[in-house]
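Sharing a structure here in structure tokens format.
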Amino acid sequence: RKEVEQDPGPFNVPEGATVAFNCTYSNSASQSFFWYRQDCRKEPKLLMSVYSSGNEDGRFTAQLNRASQYISLLIRDSKLSDSATYLCVVTPAYSNTDKLIFGTGTRLQVFP
Amino acid sequence: DGGITQSPKYLFRKEGQNVTLSCEQNLNHDAMYWYRQDPGQGLRLIYYSQIVNDFQKGDIAEGYSVSREKKESFPLTVTSAQKNPTAFYLCASSITLLRGYALNYGYTFGSGTRLTVV
């Protein structure tokens, strides 16, 4: 089983739609969680950290479910500019390094 | 502005040639990393370094070498032993807040180097 698993998509949604991605992780003791956004042929950029209590940043909401070991990202009122690949990222459990484990990403395509 | 700079943006390598990719950061980050990304695939860790003069192999270190002589710099050499080097190479850095405990605020990435074998 992969350490981090994501549905590769693509998710094709119209402008204004709400879309949700899920990501599962295998190690129950993982400590930190993130969503990154990667545009085509560009570097990944941190979108948001994911906290146990859930967090929101404008149209984006991230949730963590430790019991089921999944992380979600909800995008409301999708814009054309949201088209990108969204990477789910976790830290290893009880590691003495800061290595991050990246999922392979979920591709989102927003159409007019 | 603080950031992380990779150069060159595009690099062409001939068969049997060693090439070096540059990565420099002025964020005062302790840790630096090299990843490789192939089309349609996730990021795979090549090497990482948590402190000057120390580095560790990642998941796919064969055919690569690194050095960390300065905190700001973490160059990656792709040697002739790397049989399939064509890929997008990403350098990243992060703050190490607490030694011995995996707690961080994510990575800052450079803009990447596209390496092609010709």
Side-chain angles (χ1 to χ4, degrees), chain A residues 2-10 21 23-52 55 57 62 71 73 84-107 109, chain B residues 3-6 9-10 23 25 27 29-51 54-61 87-116:
Chain A
K2 289 184 180 177
E3 290 183 272
V4 179
E5 293 203 67
Q6 296 183 250
D7 181 342
F21 310 135
C23 160
T24 58
Y25 59 95
S26 60
N27 195 319
S28 61
S30 293
Q31 296 295 306
S32 302
F33 308 89
F34 309 90
W35 282 102
Y36 276 72
R37 170 194 169 125
Q38 186 174 24
D39 292 297
C40 187
R41 300 177 70 83
K42 299 284 190 181
E43 75 274 21
K45 292 185 178 177
L46 180 63
L47 179 65
M48 57 199 307
S49 301
V50 186
Y51 305 121
S52 297
N55 47 305
D57 182 3
I71 308 150
L73 177 67
T85 297
Y86 291 84
L87 307 176
C88 173
V89 184
V90 306
T91 53
Y94 306 121
S95 169
N96 65 351
T97 74
D98 294 321
K99 286 194 300 179
L100 296 179
I101 302 171
F102 287 79
T104 53
T106 297
R107 193 155 67 88
Q109 184 66 50
Chain B
I4 181 166
T5 302
Q6 288 186 243
K9 195 173 178 68
Y10 299 96
C23 179
Q25 55 99 358
L27 299 165
H29 283 175
D30 295 311
M32 298 186 75
Y33 313 82
W34 274 105
Y35 283 87
R36 168 182 173 143
Q37 188 175 37
D38 293 280
Q41 297 192 34
L43 278 68
R44 292 186 289 168
L45 182 64
I46 304 172
Y47 268 99
Y48 64 98
S49 168
Q50 288 188 276
I51 196 168
D54 185 56
F55 48 84
Q56 306 295 328
K57 291 183 179 180
D59 302 316
I60 55 165
F88 186 40
Y89 289 86
L90 288 158
C91 179
S93 67
S94 71
I95 296 172
T96 300
L97 293 180
L98 296 171
R99 297 265 177 224
Y101 189 63
L103 181 68
N104 64 55
Y105 292 99
Y107 294 169
T108 299
F109 281 91
S111 57
T113 293
R114 292 200 177 273
L115 174 62
T116 305

Quick check on B:Arg44 against chain A: is it the side chain, the backbone, both or neither that has a heavy atom closer than 4.5 Å?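 Neither part.
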Pairwise side-chain contact, A:Phe34 with B:Tyr107, heavy-atom cut-off 4.5 Å (strictly under):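 Sidechains of B:Tyr107 and A:Phe34: no contact.
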Does any backbone or side-chain atom of B:Phe109 lie under 4.5 Å from a heavy atom of chain A? Answer side chain, backbone, both or neither.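 Contact with chain A involves both backbone and side-chain atoms of B:Phe109.
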Which answer fits A:Gln6, side chain, backbone, both or neither, if we ask what part of it has an atom under 4.5 Å from a heavy atom of chain B?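 The answer is neither part of A:Gln6.
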Measure the spacing between CG of A:Leu100 and OH of B:Tyr35 and express it to the nearest 0.5 Å.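 OH of B:Tyr35 is found 5.5 Å from CG of A:Leu100.
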Which residues pass the side chain to side chain donor-acceptor pair (under 3.5 Å) test with A:Glu43, sequence neighbours left out?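 Residues passing side chain to side chain donor-acceptor pair (under 3.5 Å) with A:Glu43: none at all.
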Among A:Pro44, A:Gly105, A:Pro8, A:Gly103, residue most engaged with chain B (heavy-atom pairs, under 4.5 Å):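 Among the listed options, the one with the most contacts to chain B is A:Pro44.
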Does any heavy atom of chain A fall under 4.5 Å from the side chain of B:Gln37, the backbone, both, or neither of them?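 When you check distances to chain A, only side chain atoms of B:Gln37 fall under 4.5 Å.
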Does atom CZ of A:Arg37 have more than 12 heavy-atom neighbours, drawn from other residues, nucleotides or ligands, at distances under 6.0 Å?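 Yes.
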Against chain B, label A:Arg41 side chain, backbone, both or neither, depending on which of its atoms sit under 4.5 Å from a heavy atom there.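 The answer is both parts of A:Arg41.
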Between B:Arg114, B:Gln56, B:Gln41, who has the most heavy-atom pairs with chain A when the cutoff is under 4.5 Å?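 It is B:Arg114.
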